[in-house]
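Note sheet for the following structure.
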Amino acid sequence: MRSNWPLPALLLQGAFLCATAGTSAATPLDHAPSIDVCKMVTADEIRPILTLEKSDVRSSPERPKPGSGTCTWDAIDPGLTADAPPTASVSIAVYRVGDAAWMAKNFSIEFRKVIVPSQVRTDDPGDLIARPKQETVAARHGGTVVVVEASNQANDLQRAPERFYKLEAFALRLAGATVRGPVDPRTTQDACTPLDQQQVLGILTTEPSSLEINRDGLRCTIEVKDGSGRVGHWVDNRGEVQITRIDARTNAEALRFQHAQTPFMPVSTLVRTNDPRDRLVTSADQPGEAWAVHGANYVTLGVQNETAAARSSPGWRYRVQRLAFEAAGATIVPTPNMPPDPIVPKPVDTEASGNPRDTTQWTPPAHPAPALSWLIDPIVAVIAFLSVWRMFLMPVFVVGAIALMVIGNDRAAKRGKTSRSRLWLAILIPIGFLNIMLGPWLSSTLIYHAGVSGSAMVTAIRPTSTQYNNHTVEAYVVLIRTPEGKVIESGFADDDFIVYPAHNETSYPGERLPFTVRYLAHAPRTFVIVASDDSPWARTLRCEHIKQAERDAEQKSVFAPDNAAYKAAYQHASAEARAAKCSEAD
């Protein structure tokens with residue numbers, strides 16, 4: 001059988017077996033029964049630590065040995081054959097003996113230099129976690145040790161902030177421990193989440209503004225948006241914060257890495273924390289840069305293009321360094337007599353009536369489910385499923401039609417009758433092509449008319465491993481709020497085309513901008529995005545099209561100022577932009 005066990009894990013396995021040999025010729029491992037690791041894990045349990053995308057999983061067991069066993073799990077794209085190359089792989093080794101004290105002693109001997117505080121809360125204080133390599137987690141519970149080697153996880157999961165928490169929790173559960181959740185919830189959050197947006201804003205500007213946050217796992221970029229309040233007129237303003245967080249396994253490794261990166265930077269004592277091991281260095285020439293260590297976290301922070309008024313405000317350097325520590329997860333000890341953070345007003349989006357509109361919240365017009373939704377929703381949900389998987393289902397329609405034709409011909413031949421099985425080719429294959437061409441439009445139309453209105457927001461956008469027309473398909477994570485206030489987590493890929501009404505070029509909402517969805521009452525994770533109403537995203541999208549038409553008409557008028565038709569078209573486009581409150585001059 002082909003071995004999928006990575007070299008680092010093989011070396012680790014050998015080292016552990018050698019270390020546990022002790023002074024006698026035989027160890028408890030030699031007399032313990034072998035372990036079929038692949039049967040200890042289900043596909044649903046292993047999938048979350050392989051990839052965040054829709055994938056099939058398969059296992060490849062190794063030959064079990066006394067007291068141990070190994071298994072490799074691969075993720076493959078849905079619909080591919082069993083010999084397709086994996087998109088992600090994780091390898092697992094399990095060692096089990098009846099003597100918990102013997103296992104604890106030898107675990108500590110083997111991993112004494114790399115035992116780290118666990119990110120996971122369990123019921124047993126004797127549970128241990130080791131990180132012998134950056135991508136490897138070893139867990140001990142009682143007389144069981146589990147080693148998970150995850151260097152070949154999918155790229156999206158390697159960037160996920162909860163990566164090592166999920167690996168530790170998985171290894172501890174497999175070892176038999178009872179997992180109660182994270183020790184510190186911040187270990188499972190992205191680099192943006194622990195930060196107070198008001199504090200970030202005060203570092204960058206004092207003008208009425210809002211922030212645009214771009215999350216990419218352990219990287220975070222926060223930019224200021226202008227405070228003009230004009231609908232569809234949000235443009236980049238001055239001010240940006242960039243944050244990168246690295247998990248260095250141990251505090252010692254994080255401090256060593258910090259020194260290697262910034263050997264000549266002075267240590268700052270301006271901000272105090274409750275952990276004496278925390279350390280922050282700054283640049284004398286660039287006060288907007290800081291490098292902070294808290295626990296195993298190493299954070300690089302850079303402030304760029306802040307306004308002169310913000311930078312000259314009292315306590316600015318303190319607030320920059322505090323932000324770096326907070327991004328690393330440190331707990332700040334307040335400094336007496338420190339100036340309060342400046343308060344930056346929110347921008348106001350003023351409608352024609354003069355009433356302010358809060359663009360962070362949105363309540364769509366009500367659209368209740370039809371009376372027969374219990375009957376309609378399952379049918380529409382099936383159509384939506386066929387639409388989403390249309391490319392993968394086309395081969396199924398073709399193969400199914402051929403198989404039915406062959407079966408029908410065979411039965412007709414046995415009965416001495418003429419077969420009409422070719423009708424399957426004339427039925428199923430056109431259905432497959434129609435599903436590819438019209439499936440997204442049909443499912444979106446049906447969901448729009450049969451669905452319930454709710455407000456929604458994109459909370460994360462992650463690239464996938466799928467390529468479509470030289471474009472990397474992106475996965476969107478969406479939270480939907482129902483009229484009753486219930487929050488539902490769902491998502492879609494940008495090749496699902498779930499915007500209603502449909503356009504030749506489909507645009508999707510960005511992060512943190514509310515929009516309207518219609519979802520099935522009995523299948524609420526099946527939804528379409530409404531682009532034709534007055535939600536903040538729909539208005540922004542509408543203004544983008546109106547302003548683009550205005551710019552096109554303006555360019556023609558500039559090129560041919562004597563052309564009356566071009567001049568009239570520009571005046572009409574400008575009037576339309578002003579009427580929609582999308583004009584640059586408003």
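For Gln197, the CD atom counts as loosely surrounded, since its 6.0 Å shell holds 12 or fewer non-hydrogen atoms of other residues, nucleotides or ligands.
A donor and an acceptor atom, one from each side chain of Ser89 and Trp73, are nowhere located under 3.5 Å apart. A side-chain N or O of Arg319 and one of Ser313 form a donor-acceptor pair less than 3.5 Å apart. A side-chain N or O of Gln321 and one of Ser268 form a donor-acceptor pair less than 3.5 Å apart. For Thr244 and Thr300, the side-chain atoms include no donor-acceptor pair closer than 3.5 Å. Side-chain contact, Gln242 with Glu240: a donor N or O sits under 3.5 Å from an acceptor N or O. Judged by distance alone, the side chains of Glu223 and Thr221 never bring a donor and an acceptor atom under 3.5 Å apart.
With respect to Arg322, the side chain to side chain donor-acceptor pair (under 3.5 Å) criterion is satisfied by exactly one of Asp341, Thr335, Asp196: Asp341. Among Leu195, Ile222, Val241, the single residue meeting the side chain to side chain contact (heavy atoms under 4.5 Å, CB included) criterion with Leu211 is Ile222. For the side chain to side chain contact (heavy atoms under 4.5 Å, CB included) with Val200, the qualifying choice from Val344, Leu323, Val303 is Leu323, the only one to do so.
Interatomic distance, OG1 of Thr282 versus CZ of Arg317, reported as 6.0 Å (0.5 Å rounding). Atom OG1 of Thr136 sits about 4.5 Å away from atom CD of Glu149, to the nearest 0.5 Å. Residue Phe325 holds its CZ atom at 5.0 Å from CG of Asp278, rounded to the nearest 0.5 Å. To the nearest 0.5 Å, atoms CD1 (Ile529) and CZ (Phe497) are separated by 12.5 Å. Expressed to the nearest 0.5 Å, how far CD of Gln153 lies from NZ of Lys166 amounts to 8.0 Å. Here the CD atom belonging to Glu45 is positioned 12.5 Å from the CG atom belonging to Leu50, to the nearest 0.5 angstrom.
Contact record, Ala456 with Val517: CB-CG1, 3.6 Å, taken as the closest heavy-atom pair. Between Trp316 and Ile203, the shortest heavy-atom contact is NE1-O, 2.9 Å. The minimum heavy-atom distance linking Thr206 with Ala309 is given by the pair OG1-CB, 3.7 Å. Contact between Met265 and Trp291 at its shortest, heavy atoms only, is CE-CH2, 4.1 Å. Ala150 and Arg163 make their closest contact through O-NH2, 3.1 Å (heavy atoms, listed as atom of the first residue, atom of the second, distance). Shown here for Ser507 and Val499, the closest heavy-atom pair between the two residues is O-CG2, 3.6 Å.
Checked by atom type and distance alone, the side chain of Arg272 pairs as donor or acceptor with a backbone atom of Pro334 at under 3.5 Å. Side-chain atoms of Ser490 come within 3.5 Å of backbone atoms of Arg525 as a donor-acceptor pair (strictly under, hydrogens ignored). For Lys54 (side chain) and Pro78 (main-chain N/O), no donor-acceptor pair under 3.5 Å exists by modelled atom type. Listed for the Asn297 side chain is a donor-acceptor partner under 3.5 Å among the backbone atoms of Ala328. Glu168 places no side-chain N or O within 3.5 Å of a backbone atom of Ile129 that could act as its donor or acceptor partner. A donor-acceptor pair under 3.5 Å is formed between the side chain of Arg47 and the backbone N or O of Ser55. Here the side chain of Ser108 pairs no donor or acceptor atom with the backbone of Arg112 at under 3.5 angstrom. The main-chain N or O of Asp534 is found under 3.5 Å from a side-chain atom of Arg539 such that the two form a donor-acceptor pair.
The shortest distance between side-chain heavy atoms of Val477 and Val458 does not fall below 4.5 Å. Side-chain atoms of Leu301 and Val320, non-hydrogen and from C-beta on, do get closer than 4.5 Å to each other. Counting only heavy atoms from C-beta outward, the side chains of Thr87 and Asp77 approach each other to under 4.5 Å. With a 4.5 Å cut-off on side-chain heavy atoms, Thr331 and Thr273 do not count as touching. Contact annotation: the side chain of Ile92 approaches that of Ile46 to within less than 4.5 Å [non-hydrogen atoms, C-beta and beyond]. Using a 4.5 Å heavy-atom cutoff, the side chains of Val530 and Phe515 are not in contact. At a threshold of 4.5 Å between non-hydrogen side-chain atoms, the residues Trp537 and Tyr508 do not count as touching. A 4.5 Å side-chain heavy-atom check between Met457 and Arg481 finds every atom pair outside the cut-off.
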Side chain to side chain contact (heavy atoms under 4.5 Å, CB included) evaluation trace for Thr540 with Leu513: CA-CA 10 Å; Thr540 300; Leu513 190 60; 4.2 Å; yes
Full working for side chain to side chain contact (heavy atoms under 4.5 Å, CB included) between Val145 and Arg140: CA-CA 4 Å; Val145 169; Arg140 186 198 74 84; 3.9 Å; yes
Residues Thr122, His141; criterion side chain to side chain contact (heavy atoms under 4.5 Å, CB included); working and verdict: CA-CA 10 Å; Thr122 66; His141 172 74; over 6 Å; no
Audit row: Glu253, Tyr298, side chain to side chain contact (heavy atoms under 4.5 Å, CB included) steps and yes/no: CA-CA 9 Å; Glu253 286 292 332; Tyr298 171 77; over 6 Å; no
Working for salt bridge (charged side-chain N to carboxylate O under 4.0 Å, His left out), residues Asp533 and Arg518: CA-CA 12 Å; Asp533 67 348; Arg518 295 274 180 92; over 6 Å; no
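Electrostatic pairing of Arg131 and Asp247 counts as a salt bridge here, judged by a charged N lying under 4.0 Å from a carboxylate O. Residues Asp127 and Arg121 are not paired through a salt bridge, judged by the lack of any N-O separation under 4.0 Å between the basic side chain and the carboxylate.
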Tabulate below the donor-acceptor pairs under 3.5 Å that side-chain atoms of residues 170-180 make, not counting sequence neighbours, or state none.
{"unit_1": "Arg180", "atom_1": "NE", "unit_2": "Asp123", "atom_2": "OD1", "d": "2.9"}
{"unit_1": "Arg180", "atom_1": "NE", "unit_2": "Asp123", "atom_2": "OD2", "d": "3.4"}
{"unit_1": "Arg180", "atom_1": "NH2", "unit_2": "Asp123", "atom_2": "OD2", "d": "2.8"}

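Remark: Asp184 engages Arg186 in a salt bridge (charged side-chain N to carboxylate O under 4.0 Å, His left out) (not counting sequence neighbours). Residues passing the side chain to side chain donor-acceptor pair (under 3.5 Å) test with Thr262, sequence neighbours excluded: none.
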